[in-house]
Amino acid sequence: MSGMIWVDGLHYSPVAFLLMTAAFRSMDPALEEQAAMSGGSVPQIARRITLPLAWPAALGALLILFVRAIESFEVPALLGLPVGIHVYTSSIYQAIHQYPSEVGLAAAYAVTLLLITSLGVYWQSRLSRQGGRFSTVTGKGFRPRTIDLGRWRYLTATIFIVYFVVIVLLPFLVLVWSSLQRFYSAPSWAALRRVSLDSYRAVLEHPQFANTVWNSVVLALGTATTVMLVSAVIAWIVVRTKVPGGWLLDNLASLPLVFPGLVLGLAIMVCYLYVDIGVYGTLWIIFIAYLTRFLPYGMRYSSASMLQIHKELEESAAMSGASWSMTFRRVVLPLLKPGLLAGFIYVMIVSVRELSSSILLYSPGTEVVSIMIWELWQNGQYVELSALGVMLIVALFVLVMLAQLVGRRFGIAET
Amino acid sequence: MGLLSVRSLFTEYANEGGGAVKAVQNVSFEVPEGKLFTLLGPSGCGKTTTLRSIAGLERPSAGDIEVAGRLVYSSEQGIFVAPNKRNFGMVFQSYAIWPHMNVFQNAAFPLEVRGLAKTEVRERVMRVLQAVALDDLLERDATKLSGGQQQRLALARALVMEPQILLLDEPLSNLDAKLRDRMRSELKRLQRDLNLTTVYVTHDQSEALALSHEIAVMNEGRIVQIGTPRQIYEQPADRFVADFVGMTNFIGGTVTALANGRCVVSSAMGEIKAHGSEGVRKGAAVIVSVRPEDVELSEAPPAADDGDNVCKGTIDAKDFLGDYLDFRVKVGDVVLLAKAHPSLRTPTGDSIYLLMKADKCVVISSR
């Protein structure tokens, strides 16, 4: 149990980091500087000013992480199931995959889980709305203030390095190591002499491999393109027009956030089992699941960039004689491009990684990469699993770098 | 009959609580061809809403808008021409220069969406960019332009399609003071040279006075006065106009006599001979408005004509502002602001003579 908490904790720490840095970065340094001018020392300022200001953000992050953790499937399934520790998500999976499968039991688990996550998301959104009182962004251009840590910087630097080694480097190196062996063995000199690329060959020659990668790539590209285009139009409607149902559309597009992947997978599976329109058992059903799941992420990127586009930029196009579609194509889309591109890459990454919905929806011939990893694990082919994992990580890493590059290139041009 | 005529325009918004905000109420005016017409007023007075209604960016709730005999909006006949079909040029307050295009592309956009041939587009864009002195910056990124250059590009983009009318929404408010003065005369020259029918929106009275053929002063969604800059400044129709357009002194009183366009007002600082406006009756409570620069100060008793008001007061305070002095002079219980030449060096606390010509004292009904 504590092992699962440890792994999940490490897994979600980057999310917490992103949420908290965003909060700290948007804090007006004048607030802290005023405290310093009033004679406060650094620990005093941190306790009396910084922490109370960051508190709503911290609580919000806590709730988001709670929801993310309770709906996490991979870790409980991989670590918990073999030793008989059950959580909601793994119980849902088991109920479906035992024979005969108990859809009713799974649905019962799913509804309860959904209730918990809805509560969490509801609280979080209420909290962030109240956060307006604590509005830390003034809209004025300011430079976040940095604090000189003095000799403490060696300690913090060490913590950072250790942290990086533990959560990123070490697991990756173990993965690389085991992928170079014929069968799993602990690192040793004897084992070093047995290093080979056989496992990579095995993976590449795996009868499913080509098809699986193809499925993943097609799904990722298709999902990312559709999500970003749909979310761009929705964002335009929500931000620009005063259509009465605008806010509803916004909430509707964000609603899938409360669905744990497994629950969504279950819902879609059951739905298209009864409503037979020929998507069950094809890639389309996985596509639908991804689309639903990742639309909220796309919305975040699109509406954030849409808010940055001044209304008059579109109006001046209309005054110049351009029709709506011309304005959208020649003015809105080009201005949204950096945001859309970043969102596109992000959705591609999460699509490739996606396991919890896919695992209920795949059928022979429509496996995706994450499913293949899952099956290798089930079959105990750890060495091949490691090889595939290394390749996947490298591919995703390239994508992330690309996203960073795109963000930097266009991020500056935007202002 | 003007080239542009706006008749009984009403606009309403729904506010947060579901009630109606009356942004524009019964606004009517005419702009003759080639003239520059200004909508002047404080923020929230409805001037921008009126302009955006003419542009078609906002849909009024009632009224007519007609340009050169073509109705572009009519609530009665159910006509609403989309902004992109109106062929009006507009310069926005933020300039709205598209940051993903360069100077040439920005200016060429209105012609490209009309499907003009490349050579014609190039020729017309070059001509208009020459007129605003941007023809040597064709390939420059729009984001790398200075404020003044952006303003000129926005103007060029509005002019390139040879619009029927030109709409300007506070085009000078984002420039610094020096540049604003230069661009103001530039804008005036261009408007007069090209004989452009123009509607100009501003909250800056000096811009309005300097540029316009005619000004409409707006307050709380209504037009309070329409007139030439001189009329607006010298004969404000009511207290709001007098106060909003320039600095002024208000002196409360009662009309005691009326004779050939003049009236006599008895006030806390004695009797004031003033220029009577229409509808002022004997016995009516009024206020007299007199501009600080029309209050002449002198240490010796001035030679007074028949129509002049002369009185004596003490200097309460004075501020040296370089090209002139601001005096606060106390006459009885009334404090008057006066502008004087810096050569007047009378110290604070001394007594001084005031002279106000009757023509410069405007009677406004105090309702």
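Lettering of chains follows the sequences in order, A, B, ..., and the numbering in each one begins at 1.
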Check: Leu71(B) and Asp64(B): side-chain contact (heavy atoms from CB on, under 4.5 Å), yes or no, with the steps?
Finding: CA-CA 7 Å; Leu71(B) 273 174; Asp64(B) 285 336; 4.3 Å; yes

Margin query: The test is side-chain contact (heavy atoms from CB on, under 4.5 Å); show your working for Arg122(B) and Phe104(B) and say whether it passes.
Written below: CA-CA 9 Å; Arg122(B) 181 143 199 106; Phe104(B) 180 85; 3.6 Å; yes

Notebook entry, point to check: Given the rule in the side-chain contact (heavy atoms from CB on, under 4.5 Å) test, do Leu172(B) and Gln151(B) qualify, once you have shown the distances and angles that lead to the verdict?
Noted result: CA-CA 8 Å; Leu172(B) 302 178; Gln151(B) 204 262 356; 3.6 Å; yes

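For the set Ala154(B), Gly89(B), Pro83(B), the entry with the most heavy-atom pairs within less than 4.5 Å of chain A is Pro83(B).
Among Val67(B), Val199(B), Val81(B), Leu166(B), the one residue that satisfies the side chain to side chain contact (heavy atoms under 4.5 Å, CB included) test with Phe88(B) is Val67(B). The only member of Thr223(A), Thr292(A), Val218(A) that meets side chain to side chain contact (heavy atoms under 4.5 Å, CB included) when paired with Phe287(A) is Thr223(A). Checking each of Glu162(B), Arg114(B), Gln164(B) against Asn87(B) for a side chain to side chain donor-acceptor pair (under 3.5 Å) leaves exactly one that passes, namely Arg114(B).
Classification of Lys47(B) and Glu170(B) as a salt-bridged pair holds, one side-chain N sitting under 4.0 Å from a carboxylate O.
Interface remark: Arg86(B) contributes no atoms to any contact with chain A (heavy atom separation under 4.5 Å). Residue Ile97(B) touches chain A through its backbone alone, counting heavy-atom pairs closer than 4.5 Å.
Rounding to the nearest 0.5 angstrom, the gap separating the CG atom in Leu221(A) from the OG atom in Ser351(A) is 9.5 Å.
Among the residues in residues 53-63 of chain B, those with a non-hydrogen atom closer than 4.5 angstrom to a non-hydrogen atom of chain A are Ala55(B), Leu57(B). Scanning residues 317-331 of chain A against chain B with a 4.5 Å non-hydrogen threshold yields Ala317(A), Ala318(A), Met319(A), Ser320(A), Gly321(A), Ala322(A), Ser323(A), Met326(A), Arg330(A), Val331(A), sorted by number.
Heavy-atom minimum distance, Gln191(B) versus Leu196(B): NE2-O, 2.6 Å. Annotation for Leu129(B) and Ala156(B): closest pair CD2-CB, 4.0 Å, computed over non-hydrogen atoms.
Two residues are said to be in side-chain contact when any heavy atoms from C-beta on lie closer than 4.5 Å; Ile349(A) and Ile345(A) meet this criterion.
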